[in-house]
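Report on the following structure.
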Amino acid sequence: AHLAGAGGHSAGDRGDARLVTDRALRLGTAVLALAGAGVAGYLVWVRETGATLVCTTGGCGTVQSSEYAEVAGVPVALLGLIGYLVLFSAALFAGETARLAQAAVALGAVLFSTYLLYVQVALIGEICDWCLVSDAIATLIAMLALMRLRLAQAPPASSISPADSA
């Protein structure tokens, strides 16, 4: 007996169609990286101009002016801006090097974000909502990066015979 899936199509009827493509993952990464660059750029701008930092939690100023807001004299927000621009650049290319660069930078960003979240909660005792937004963006980009790596390893849908999917 041959059972059709939802919509009346069996798994073998799909040909080369994929639910997620490398191009879609790159586009998602590019959009998120630009959003992250906007957040990080705003924090750099506030730091450099002395403008008032918009903050709903009340802890942004404390976090941004803490001793942890710099690494070797470089503002963390500037590191974030550079990282997001690298991620945006990696999204422009489809090759193996771009996929690996995106994964390495994104996973490094998630690890660094996790450390910085610990610093906010345990050491500073304040939360920066801009930092949380950046953490979420970095995590989403890392998920997309892992999906890109996985997609590159998957065989094309047309190379899977109906017998393989039964």
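FYI, side chains are in, hydrogens and waters are out, and symmetry mates aren't considered; it's all heavy atoms of this structure. Please read these numbers as outputs of a predicted model, since none were measured by experiment.
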**OP:** Ignoring hydrogens and angles, tell me if any N or O in the side chain of Arg99 forms a donor-acceptor pair with the backbone of Ala94 under 3.5 Å.
**Re:** yes

Original post:
Are Leu53 and Trp45 joined in one hydrophobic group, where the rule is that I, L, V, M, F, W and Y side chains link up if heavy atoms are under 4.5 Å apart?
Top reply: yes

**OP:** Look at the side chain of Thr29 and the backbone N and O of Ala91, then say whether any donor-acceptor pair between them is shorter than 3.5 Å.
**Re:** no

Subject >> Shortest non-hydrogen contact between Ala40 and Ala77, atoms and distance >> reply: CB-O, 3.5 Å

Subject >> side-chain contact (heavy atoms from CB on, under 4.5 Å) evaluation trace for Asp22 with Arg26 >> reply: CA-CA 6 Å; Asp22 186 67; Arg26 289 175 30 229; 3.0 Å; yes

Original post:
Between atom CD1 of Ile124 and atom OG1 of Thr62, what is the distance when rounded to the nearest 0.5 Å?
Top reply: 8.0 Å

Original post:
Does the Tyr84 side chain pair with the main chain of Gly38, one donor and one acceptor, at a distance under 3.5 Å?
Top reply: no

**OP:** Would you kindly say whether the two SG atoms, from Cys55 and from Cys60, are closer than 2.5 Å?
**Re:** yes

**OP:** If you link ILVMFWY side chains whenever their heavy atoms are less than 4.5 Å apart, which other residues fall into the same cluster as Leu34? By chain and number, please.
**Re:** Phe88, Leu92, Phe93

Original post:
Same cluster for Leu79 and Tyr115 if Ile/Leu/Val/Met/Phe/Trp/Tyr side chains link at under 4.5 Å?
Top reply: yes

Subject >> Option passing side-chain contact (heavy atoms from CB on, under 4.5 Å) with Ile141 (candidates Val105, Leu107, Val110, Leu32) >> reply: Leu32

Original post:
Which heavy atom in Gly41 sits nearest to a heavy atom in Leu81, and how many Å separate them?
Top reply: N-CD1, 4.1 Å

Subject >> Trp130 side-chain N/O to Val54 backbone N/O, donor-acceptor pair under 3.5 Å >> reply: yes

Original post:
How far apart are the closest heavy atoms of Leu151 and Leu25, and which atoms are they?
Top reply: CD2-CD1, 4.1 Å

Original post:
Without hydrogens or angle criteria, can the side chains of Gln102 and Arg148 be said to hold a donor-acceptor pair below 3.5 Å?
Top reply: yes

Original post:
Would you say Gln64's side chain and Leu43's backbone share a donor-acceptor pair under 3.5 angstrom?
Top reply: no

Original post:
Does Cys131 offer a backbone N or O that forms a donor-acceptor pair with the side chain of Ser134 under 3.5 Å?
Top reply: no

Subject >> From Leu116 atom CG to Leu111 atom CG, the distance as rounded to the nearest 0.5 Å >> reply: 11.0 Å

**OP:** Over all heavy atoms of both residues, which pair between Ala145 and Ala103 is shortest? Give the atoms and the distance, please.
**Re:** CB-CA, 3.7 Å

**OP:** Please answer: with hydrophobic residues joined when any side-chain heavy atoms are less than 4.5 Å apart, are Val86 and Leu140 in the same cluster?
**Re:** yes

**OP:** Check whether Tyr68 and Val63 end up in the same hydrophobic cluster, where Ile, Leu, Val, Met, Phe, Trp and Tyr are linked by side-chain heavy atoms less than 4.5 Å apart.
**Re:** yes

**OP:** Let me see the working for Leu149 and Gln153 under side-chain contact (heavy atoms from CB on, under 4.5 Å), right down to the final yes or no.
**Re:** CA-CA 7 Å; Leu149 290 175; Gln153 301 303 314; 5.8 Å; no

Original post:
Closest approach of Leu78 and Val44, non-hydrogen atoms and distance?
Top reply: N-CG2, 3.5 Å

Original post:
Hey, any chance Met143 and Val20 share a hydrophobic cluster, counting ILVMFWY side chains that come within less than 4.5 Å of each other, even indirectly?
Top reply: yes

Original post:
Leu85 and Ala37: which non-hydrogen atoms are nearest, and at how many Å?
Top reply: CD2-CB, 4.2 Å

